[in-house]
Amino acid sequence: MADRREIDPASTTGLYSLLGTLVTPRPIAWVSTLSADHADNLAPHSFFQIVSTSPPIVMISSMGEKDTVRNIRATGEFVVCGSPASMIKEINLTSVEFPHGVSEFDRVGLTREPSLRVAPPRVAESPYALECRCIDIRNVGNGILVLGEVIHMAVSEDVFVGASVDVTRVDPVARLGGSQWSALGEIVEVPRVTLEEFETLNPP
């Protein structure tokens, strides 16, 4: 085993970059919101995960009070759109810090699609949309944690094979460290092992 470098987070500069490179790959939530005066906003968030499936709850975390969080505070709604690798350029461009009120949909050339149960639009080019109602916003360190209950899901028929979603058709992109992104690489299937199976293969 190689020697380890022992690092104290409290006295380390560049911690955002270090953690962002170690905790990878991270899925990207392409989050659509509306401001109180109905200006739309679209931004990628790579601090994103599922929190619960019953009820379905997802989380995003923003490093600072940006338009996404301000809009969710004002309206209580947001849409998480899927981020396909085929649209890395467009996803990245929606992270540009345009002036407040300038629509990323218009500047980047994306198509609005009406949502069914919330006001913010979906990205029509995205393979799926999770329409969310905010249930909590908390300050956690220098992050702002947003929890949203998924109240409706819209998934492209193109990503289904029968009743199941084919992840290769979803084509998810992930954030790595710095300016690095990643598409799906080799996919392997590793079934979970029951205790009985483990004991059979590895007797005491």
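As a basis for the values below, the full set of heavy atoms in this structure was taken, side chains included, without hydrogen atoms, waters or symmetry mates. Treat the numbers as computed from the prediction; the structure is a model and nothing was measured.
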Is any side-chain heavy atom of [X] less than 4.5 Å from a side-chain heavy atom of [Y]?
| X | Y | value |
| --- | --- | --- |
| Asp158 | Arg169 | no |
| Ile137 | Ile144 | yes |
| Val123 | Phe105 | yes |
| Val31 | Pro44 | no |

Once you round to the nearest 0.5 Å, how far does [atom1] of [X] lie from [atom2] of [Y]?
| X | Y | atom1 | atom2 | result |
| --- | --- | --- | --- | --- |
| Ile72 | Thr75 | CD1 | OG1 | 7.0 Å |
| Ser115 | Arg122 | OG | CZ | 5.0 Å |
| Lys89 | Ile91 | NZ | CD1 | 13.0 Å |
| Met87 | Glu90 | CE | CD | 4.5 Å |
| Phe98 | Glu104 | CZ | CD | 6.0 Å |
| Asp3 | Glu6 | CG | CD | 9.5 Å |

Within the distance-only criterion (no hydrogens, no angle test), does the side chain of [X] pair as donor or acceptor with the backbone N or O of [Y] below 3.5 angstrom?
| X | Y | value |
| --- | --- | --- |
| Glu199 | Glu196 | no |
| Glu149 | Cys134 | no |
| Ser95 | Asn92 | yes |
| Asp171 | Ala85 | yes |
| Arg175 | Gly178 | yes |
| Ser52 | Pro55 | yes |

Trace of the side-chain contact (heavy atoms from CB on, under 4.5 Å) decision for Met59 with Val146 | CA-CA 6 Å; Met59 62 75 65; Val146 178; over 6 Å; no
Before accepting this row, confirm whether a basic side-chain N of the pair Asp136/Arg138 lies closer than 4.0 Å to the acidic partner's carboxylate O.
->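 Yes, Asp136 and Arg138 are salt-bridged.
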SB check Glu97 Lys66 (cutoff 4.0 Å) |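 Judged by the 4.0 Å cut-off on N to carboxylate O distance, Glu97 and Lys66 do not form a salt bridge.
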Let me see the working for Trp181 and Ile28 under side-chain contact (heavy atoms from CB on, under 4.5 Å), right down to the final yes or no.
-> CA-CA 10 Å; Trp181 301 53; Ile28 298 175; 3.3 Å; yes
Would a hydrophobic clustering, with Ile, Leu, Val, Met, Phe, Trp and Tyr connected at side-chain separations under 4.5 Å, put [X] with [Y]?
| X | Y | value |
| --- | --- | --- |
| Val159 | Ile50 | no |
| Leu145 | Val51 | yes |
| Val170 | Val80 | yes |
| Ile88 | Leu93 | yes |
| Tyr128 | Val165 | yes |

Would you find more than 12 non-hydrogen atoms of other residues, nucleotides or ligands less than 6.0 Å from [X] atom [atom1]?
| X | atom1 | result |
| --- | --- | --- |
| Leu18 | CG | yes |
| Met63 | CE | yes |
| Arg107 | CZ | no |

Taking it one step at a time, do Ile60 and Thr68 satisfy side-chain contact (heavy atoms from CB on, under 4.5 Å)?
-> CA-CA 10 Å; Ile60 60 171; Thr68 296; 4.0 Å; yes
If we ignore angles and hydrogens, is there a donor and acceptor under 3.5 Å between the side chains of Ser103 and Arg112?
->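 Result is yes, a qualifying pair exists.
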Any side-chain donor near an acceptor of the partner, His45 and Ser62, under 3.5 Å =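 Not at all, the side chains of His45 and Ser62 share no donor-acceptor pair under 3.5 Å.
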Passes side-chain contact (heavy atoms from CB on, under 4.5 Å), Ile57 versus Ile135? Steps please.
-> CA-CA 9 Å; Ile57 296 171; Ile135 60 173; 3.6 Å; yes
Selection residues 13-36 - residue pairs positive for side-chain hydrogen bond (donor to acceptor under 3.5 Å, both in side chains), sequence neighbours left out |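 Listed by first then second residue: Arg26-Ser46, Trp30-Thr94, Thr33-Asn71, Ser35-Asp37.
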Where is the tightest heavy-atom contact between [X] and [Y], given as atom of each residue plus distance?
| X | Y | result |
| --- | --- | --- |
| Ala39 | Gly101 | CB-CA, 4.2 Å |
| Ser182 | Leu176 | CB-CD1, 3.7 Å |
| Pro127 | Gly82 | CD-O, 3.8 Å |
| Leu116 | Glu131 | N-OE2, 2.8 Å |
| Glu197 | Arg192 | OE1-O, 3.9 Å |
| Val150 | Cys132 | CG2-SG, 4.0 Å |

Can you list the residues that meet the side chain to side chain donor-acceptor pair (under 3.5 Å) rule with Glu77, with sequence neighbours excluded?
->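 Side chain to side chain donor-acceptor pair (under 3.5 Å) list for Glu77, sorted by chain: empty.
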Determine the sole option in Asp8, Ile7, Leu15 for which the side chain to side chain contact (heavy atoms under 4.5 Å, CB included) test with Ser11 is passed.
->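 With Ser11 as partner, Asp8, Ile7, Leu15 yield a single side chain to side chain contact (heavy atoms under 4.5 Å, CB included), made by Asp8.
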